[in-house]
Amino acid sequence: MTTTRLPAALAPWAGTLSAITPELAVAFGPLLRRLDALVGEREPVADVLGDPDGLGGLARSGRPDQLLPSEWLLADAYPDEFLRRFVDGELLHLAPEFRSPAVRGKTAVLVDTGPTQAGAGRLVQLAALLVLHRRAAARGTELVVVVLGDTYGRRLTGDLAELLPAWLAARRPVDPTPSDVRHALDGLDAADQAWLLTSPRLADRIPAHCAVLTSEPARWSADGADRVLVRLDGTASELPLPESRIAVRALRGAEFRRADPGTGGQPAADAGAAAGGALPAFTTDARTLLARGRRPTTLFAANLPNGDSRITTTVRARRHDLPGPALAAGRTGRRLIALCVRGDELVPYVSGRPLGERGGYTADLAAFGAGRDEAVPEELFARPVLPLLRTGTDLLLPLAGRWWRIGPDGSVTEDGALGRGADDRPHFNRFREPRLFDGRPLHEAAREARHFLHGGGSQAWSQDGRTWQVRTGRGDECRISFRENADVVGLVHDQGAPVLITASRSGLVVRGVRADGVRTLTRFSGGSGPPAVHPTMPLIAAETRPGRIVVGDANTGGIHFLIGATE
């Protein structure tokens with residue numbers, strides 16, 4: 001079987017095009033690039049880059065003065081190879097980093113899904129959604145699709161893998177009217193950036209209150225339309241359509257890559273797992289990073305040293321072979337303690353000085369719930385290990401909607417309820433649990449909030465997950481908001497100012513969001529799952545590719561440690 005790879009010209013689009021098959025991406029390439037240029041002439045994204053803020057990594061494009069010195073040495077020693085790499089876009093450049101201002105509003109796309117836009121019009125809409133979604137992500141905002149004339153006024157959001165099938169299924173039997181457009185525009189916020197994708201017939205009947213992109217077939221072949229005339233605010237361009245075979249498959253949804261509904265937004269048990277481990281986590285305030293191995297009975301632990309943060313250090317992670325799949329783990333002093341599932345019991349594993357008599361702290365799973373299946377759902381082993389705390393001689397474990405206290409004799413007693421998550425289920429949410437931060441009482445407003453997290457002595461809470469109120473340990477308060485379709489995965493501080501760490505649901509772009517701007521953490525983006533953020537230090541860890549975990553500064557985005565495994 002042959003595999004289609006993206007050409008070099010589409011390499012910058014790899015994240016966006018991951019929602020469709022490589023075959024459709026290649027066929028759509030000419031239409032996408034020319035449509036992106038047309039949109040860019042009207043509304044460039046350069047205005048949100050912000051002020052220069054150092055270097056953020058390496059890139060395949062840039063100015064000649066940004067080329068790595070090694071590339072200039074290549075040009076001197078092997079000029080033909082240098083020329084080849086230049087033509088193929090393989091030369092490495094230093095990528096500048098920008099401190100961007102906070103962007104208000106979202107990108108709202110009003111789509112005409114009536115009969116007039118069937119066929120070629122829908123193909124242009126598909127290309128436009130890909131273009132606008134990519135540009136919205138670059139601006140740090142969310143893309144929302146509004147179907148004109150929809151009786152229920154639904155808005156389509158989410159990752160492209162979720163959004164595209166929903167848009168495809170939103171066909172309507174009649175064309176929208178000017179009143180449908182006015183109604184949709186009235187439902188938007190004043191700060192939203194609105195686009196209308198429709199036919200020239202409807203565009204001629206409405207005043208221009210937003211960016212209007214129209215399309216209609218321009219040329220025909222024996223297989224159907226092969227060129228389309230696209231107009232954007234008076235500028236017309238004739239663009240190519242993909243050949244009919246793959247165009248029909250695209251309009252039927254056969255070329256879409258759908259998200260796996262079984263993962264629940266988390267990586268599968270072995271997704272991204274390799275010899276070095278996967279699913280990194282900081283479970284206590286120690287400088288210890290834990291990661292699951294390829295086998296469920298393997299746990300890797302890396303102790304991060306103190307030292308010169310300007311030097312990237314390779315840290316060897318120690319492998320621990322456990323008596324069963326790891327459920328929870330944590331470092332207490334010089335001990336690493338893990339609780340493992342073995343049959344119908346939870347058994348301890350200790351690296352370091354023993355806790356007490358052999359066989360202590362072994363507990364029946366039935367004591368945590370009605371049975372093993374209810375007490376320990378299998379999905380927990382496809383997520384980072386749960387935290388394990390020690391208080392006095394007892395162990396504390398968050399499981400099955402409660403905190404549990406395990407005594408040295410294996411006795412199990414309830415020790416309080418877990419904080420409720422955003423969906424009001426009493427599942428474990430490592431950012432909501434008061435036991436996992438410095439013990440300050442919860443702010444009164446935070447008690448009723450649907451979202452809560454803590455870090456470095458500060459608390460943050462939100463009702464919608466986008467607008468957050470932050471109270472620092474010194475009593476100062478500020479508000480941080482963002483529009484991107486992203487999850488908040490941590491709270492750190494930059495010179496005393498709170499910073500929310502977010503991971504987008506589309507391509508896992510990691511950003512640090514401040515009250516006065518946004519910084520993209522490029523080197524921690526694009527991994528197989530969300531990054532791990534330390535609860536008290538500005539440390540962030542991500543598995544950027546299978547078997548390679550990087551740890552660094554959550555404020556600057558610099559890498560301090562590379563984690564390797566010790567077999």
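Just so you know, residue 1 is the first one in the sequence shown, and it goes up from there.
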For the CZ atom of F561 and the OG1 atom of T314, what is their distance to the nearest 0.5 Å? 10.5 Å
Report yes if the side chains of L130 and L160 come closer than 4.5 Å at any heavy-atom pair, otherwise no. yes
Which heavy atom of L123 sits nearest a heavy atom of F28, and at what distance? O-CZ, 3.7 Å
Scanning both residues in full, the closest heavy-atom pair of D226 with W220 reads OD1-N, 3.9 Å
What is the distance from atom NE2 of H183 to atom CG of L110, rounded to the nearest 0.5 Å? 10.5 Å
Smallest separation among heavy atoms of L168 and F256, with atom names: CD2-CE1, 3.8 Å
For residues F282 and V533, determine if any side-chain heavy atom of one lies less than 4.5 Å from a side-chain heavy atom of the other. no
Would the distance check show the side chain of S237 and the main-chain N or O of V230 forming a donor-acceptor pair, the cut-off being under 3.5 Å? no
In Å and rounded to the nearest 0.5 Å, what is the OG to CG distance from S70 to L91? 9.5 Å
Under 3.5 Å donor-acceptor, R523 side chain and V550 backbone: no
Going by the rule side-chain contact (heavy atoms from CB on, under 4.5 Å), which residues pair with D36 if we only count those two or more places apart in sequence or in a different chain? W13, V131, R134, R135
Tightest non-hydrogen contact, residues L202 and T177, listed as CD1-C, 3.9 Å
Hey, are the side chains of V488 and F482 touching, using non-hydrogen atoms and a 4.5 Å cut-off? yes
Under 4.5 Å between any side-chain heavy atoms of P531 and V489, yes or no? yes
Quickly, which of L164, L163, L132 forms a side-chain contact (heavy atoms from CB on, under 4.5 Å) with V145? Name it, please. L163
Could I get the full list of side-chain hydrogen bond (donor to acceptor under 3.5 Å, both in side chains) partners for N555, not counting sequence neighbours? none
Residues two or more places apart in sequence or in another chain: which of them pass side-chain contact (heavy atoms from CB on, under 4.5 Å) with A136? T107, T141, L143
State which residues pass side-chain hydrogen bond (donor to acceptor under 3.5 Å, both in side chains) with T198; sequence neighbours excluded, sorted by chain then number. D112
Show the numbers, then the answer: is there a side-chain contact (heavy atoms from CB on, under 4.5 Å) between L289 and I549? CA-CA 10 Å; L289 178 72; I549 297 178; 3.7 Å; yes
Could you go through the side-chain contact (heavy atoms from CB on, under 4.5 Å) check for F82 and L67 one step at a time? CA-CA 12 Å; F82 176 86; L67 276 171; 4.3 Å; yes
Evaluate V144 against K106 for side-chain contact (heavy atoms from CB on, under 4.5 Å), listing each step before the verdict. CA-CA 7 Å; V144 176; K106 56 184 174 292; 3.5 Å; yes
How about CZ on R479, more than 12 heavy atoms from neighbouring residues, nucleotides or ligands closer than 6.0 Å, or not? no
In sequence, state the C-alpha distance, the side-chain angles, and the governing distance for V470 and I480, and then conclude on side-chain contact (heavy atoms from CB on, under 4.5 Å). CA-CA 7 Å; V470 184; I480 302 177; 4.1 Å; yes
Just jot down the side-chain contact (heavy atoms from CB on, under 4.5 Å) partners of L94, sequence neighbours excluded, or say none. L55, L58, L68
Tell me whether R172 contacts the main-chain N or O of G149 through its side chain, where contact means a donor paired with an acceptor under 3.5 Å. yes
Give every residue pair that meets the salt bridge (Lys or Arg N to Asp or Glu O under 4.0 Å) criterion with at least one member in residues 65-76, sequence neighbours excluded. R63-D65
Rounded to the nearest 0.5 Å, the CG atom of L197 sits from the CD atom of Q125 at a distance of 5.5 Å
Given R511 and T520, is the side-chain hydrogen bond (donor to acceptor under 3.5 Å, both in side chains) satisfied, shown in steps? CA-CA 4 Å; R511 292 188 170 94; T520 301; 3.3 Å; yes
Would you say the side chain of P240 lies within less than 4.5 Å of the side chain of R227, judging by non-hydrogen atoms? yes
Are Q193 and W195 close enough that some pair of their side-chain heavy atoms sits under 4.5 Å apart? yes
Within a strict 4.5 Å, meaning less than it, do heavy atoms of the D553 and I540 side chains meet? no
Rounded distance [0.5 Å steps], CG in D494 versus OG1 in T556: 8.5 Å
Please report the closest heavy-atom contact between A247 and P242, naming both atoms and the distance. CB-O, 4.0 Å
When rounded to the nearest 0.5 Å, the distance separating CG of L239 from CG of L229 is 8.5 Å
What closest approach, in Å, do V147 and T113 show between heavy atoms, and which atom pair accounts for it? CG1-OG1, 3.6 Å
Flag, side chain of R548 to backbone of L562, donor-acceptor distance under 3.5 Å: no
For R85, check side-chain hydrogen bond (donor to acceptor under 3.5 Å, both in side chains) against everything at least two apart and list the hits. E81
S525 side chain to V510 main-chain N or O, any donor-acceptor pair under 3.5 Å? yes
R33, CZ: over 12 other non-hydrogen atoms inside 6.0 angstrom: no
If only atom types and distance count, is the side chain of D175 paired as donor or acceptor with the main-chain N or O of T116 below 3.5 Å? yes
May I ask you to decide if I559's main-chain N or O and T312's side chain share a donor-acceptor pair within less than 3.5 Å? yes
Sequence neighbours left out, what pairs pass salt bridge (Lys or Arg N to Asp or Glu O under 4.0 Å) with at least one residue falling in residues 198-219? E216-R231, R219-E238
With sequence neighbours excluded, tell me which residues meet side-chain hydrogen bond (donor to acceptor under 3.5 Å, both in side chains) with E255. T21, R249
Taking only residues two or more places apart in sequence or in another chain, which ones pass side-chain contact (heavy atoms from CB on, under 4.5 Å) with S244? D223
Note, L491 side chain near P498 side chain (heavy atom, < 4.5 Å): yes
